[in-house]
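Shown next, in structure tokens, is the structure this report addresses.
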Amino acid sequence: MSAAIPADGTWFDTLKRSFADVPVDAANDNGIATGEFLEAAESLTSLFDLLGSAAFSPVKSDLTGNIKKVRDRQLAAPGESQTLQSLSLNELKTKKHVASEGLLWLVRGLDFTAQSLRHNIDNASKELSDSFRDAYGKTLKPHHSFIIKPIFSAAMSATPYRKTFYEKLGSDTEKVKAALEREVAALEQRVAILKEFQGRKEAKW
């Protein structure tokens with residue numbers, strides 16, 4: 001569960017690391033720092049606890065499982081894994097792709113999360129269930145089997161009311177909006193960099 005929200009703060013202040021604090025090396029092919037990225041991804045998975053339904057357990061465990069695959073590779077070959085891109089390319093040289101595939105699915109899951117929240121930020125009259133369903137159709141659903149789709153669809157329908165969710169993020173509406181926008185924008189930027197990388201020939205197996 002999340003730590004207590006400070007009296008004058010937001011839920012985002014309780015995160016161990018924000019995506020806005022994950023270094024991107026613009027001079028080195030937009031290399032994204034592995035450790036910090038995994039820490040931010042792990043922090044963000046607590047968002048699904050905040051949604052307050054057991055139906056979101058599969059979504060969260062999917063993310064944490066893929067975080068573990070990437071971290072296992074980082075621990076096994078730390079010198080080759082400073083950035084997510086180098087971690088993946090160096091693993092592929094060994095003719096394995098456990099972490100690279102984990103990263104692919106992690107990016108899809110984070111893309112789903114980012115698009116869900118972006119849709120809700122940009123459509124003030126929409127309920128969370130609409131935003132999550134819309135994002136699911138664009139991100140994870142095309143890659144899911146007929147066995148997995150109903151499990152995730154059930155989660156989309158189990159989201160709390162918009163008003164309830166935003167109240168859980170903090171009592172100061174303006175601070176919540178600013179913090180949510182900052183986190184989502186940072187997540188979107190890093191997801192876009194990784195999707196571009198994963199679309200390259202050398203990143204495929």
Side-chain angles (χ1 to χ4, degrees), residues 1-2 5-6 8-15 17-22 24 32 37 40-64 66-67 104-144 148-196 198-199:
M1 288 302 293
S2 304
I5 295 172
D8 59 344
T10 70
W11 173 80
F12 296 95
D13 297 320
T14 70
L15 300 182
R17 185 175 296 275
S18 162
F19 273 99
D21 300 324
V22 173
V24 178
I32 296 177
F37 182 89
E42 220 159 38
S43 295
L44 193 65
T45 63
S46 60
L47 178 79
F48 295 103
D49 297 330
L50 205 67
L51 292 169
S53 170
F56 274 97
S57 295
V59 184
K60 184 180 177 180
S61 65
D62 188 62
L63 285 166
T64 53
N66 289 311
I67 289 167
L104 178 68
W105 279 100
L106 177 56
V107 169
R108 285 172 179 167
L110 292 171
D111 191 22
F112 155 69
T113 309
Q115 287 199 36
S116 299
L117 296 172
R118 171 59 63 199
H119 185 272
N120 209 251
I121 291 168
D122 292 348
N123 296 276
S125 62
K126 292 281 186 185
E127 283 297 336
L128 279 187
S129 54
D130 295 327
S131 297
F132 274 75
R133 212 172 279 120
D134 179 80
Y136 179 62
K138 292 175 181 172
T139 54
L140 289 169
K141 192 176 182 181
H143 306 288
H144 276 167
I148 302 294
K149 280 175 187 170
I151 297 169
F152 272 70
S153 294
M156 304 310 109
S157 304
T159 51
Y161 286 115
R162 179 190 179 99
K163 182 175 180 288
T164 308
F165 173 66
Y166 281 89
E167 282 171 355
K168 286 183 178 181
L169 293 177
S171 54
D172 187 322
T173 312
E174 290 310 308
K175 279 186 179 174
V176 166
K177 274 186 190 169
L180 182 60
E181 175 60 46
R182 177 177 182 263
E183 190 67 15
V184 172
L187 176 56
E188 286 171 329
Q189 184 197 13
R190 284 148 186 79
V191 163
I193 289 168
L194 289 168
K195 282 172 74 175
E196 188 274 327
Q198 289 171 335

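Keep in mind the model is a prediction, meaning the values are calculated, not measured. We number each residue from 1, following the sequence as shown.
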Inset, instruction - Report the C-alpha distance between Leu51 and Val59 in whole Å, list the side-chain angles of each, state the deciding distance to 0.1 Å, and finish with yes or no for side-chain contact (heavy atoms from CB on, under 4.5 Å). - result: CA-CA 11 Å; Leu51 292 169; Val59 184; over 6 Å; no
Inset, instruction - Could you walk me through whether Ile5 and Asp13 pass side-chain contact (heavy atoms from CB on, under 4.5 Å), step by step? - result: CA-CA 7 Å; Ile5 295 172; Asp13 297 320; 5.8 Å; no
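No donor-acceptor pair under 3.5 Å is formed between the side chain of Asp49 and the backbone N or O of Thr45. With Lys168 contributing its side chain and Leu50 its backbone, the two residues share a donor-acceptor pair below 3.5 Å. Side chain of Glu183 to main chain of Phe19: a donor-acceptor pair is present (N/O by atom type, distance under 3.5 Å, no hydrogens or angles). Proximity of a side-chain donor or acceptor of Arg190 to a complementary backbone N or O of Val22 within less than 3.5 Å is detected. In terms of modelled atom types and a separation under 3.5 Å, the side chain of Lys175 and the main chain of Asp8 share a donor-acceptor contact. Under the 3.5 Å distance criterion, the side-chain polar atoms of Asp172 are left unmatched by any main-chain donor or acceptor of Gly9. Using a distance-only test at 3.5 Å, with no hydrogens or angles considered, a donor-acceptor pair links the side chain of Asn123 to the main chain of His119. Looking only at distances, no side-chain donor or acceptor of Glu127 sits under 3.5 Å from a matching main-chain atom of Tyr161.
Rounding to the nearest 0.5 angstrom, the gap separating the CD atom in Glu181 from the CG atom in Leu117 is 10.5 Å. The line from CG of Asp130 to CE of Met156 is 12.5 Å long, rounded to the nearest 0.5 Å. Atoms OG1 and CG, on Thr113 and Leu63 in that order, are 5.5 Å from each other to the nearest 0.5 Å. Note that the CH2 atom of Trp105 and the CD1 atom of Ile67 stand 15.5 Å from one another [nearest 0.5 Å].
Residues Ala158 and Ser53 share a closest heavy-atom pair of CB-OG, 3.4 Å. The two atoms that bring Arg17 and Ser43 nearest to each other are N-OG, 3.3 Å, heavy atoms only. What you find for Ala41 and Leu110 is that their closest heavy atoms are CB-CD1, 4.3 Å. Listed here is the closest heavy atom pair of Ser131 and Ser116: CB-O, 3.4 Å.
The residues Asp134 and Arg118 are annotated as not salt-bridged, no charged nitrogen and carboxylate oxygen being separated by less than 4.0 angstrom. Contact check on Lys163 versus Glu167 returns a salt bridge, with a Lys/Arg side-chain nitrogen under 4.0 Å from an Asp/Glu carboxylate oxygen.
You'll find the side chain of Leu15 reaches within 4.5 Å of the side chain of Ser46, heavy atoms only. Looking only at side-chain heavy atoms (C-beta outward), Val176 and Tyr166 come within less than 4.5 Å of each other. Counting only heavy atoms from C-beta outward, the side chains of Leu169 and Thr10 never approach each other to under 4.5 Å. Within the 4.5 Å cutoff, the side chain of Leu106 has no heavy atoms near those of the Leu194 side chain. Residues Phe12 and Ser18 are not in side-chain contact: their nearest non-hydrogen atoms beyond the backbone lie 4.5 Å or more apart.
Looking at Phe112, Phe48, Phe152 one by one, the single match for ring pair (Phe, Tyr, Trp, His ring centres under 6.0 Å) with Phe56 turns out to be Phe48.
Within 6.0 Å of atom NZ in Lys149, more than 12 heavy atoms from other residues, nucleotides or ligands are found, so the atom counts as buried in its surroundings.
A donor-acceptor contact closer than 3.5 angstrom links the side chains of Arg133 and Ser157.
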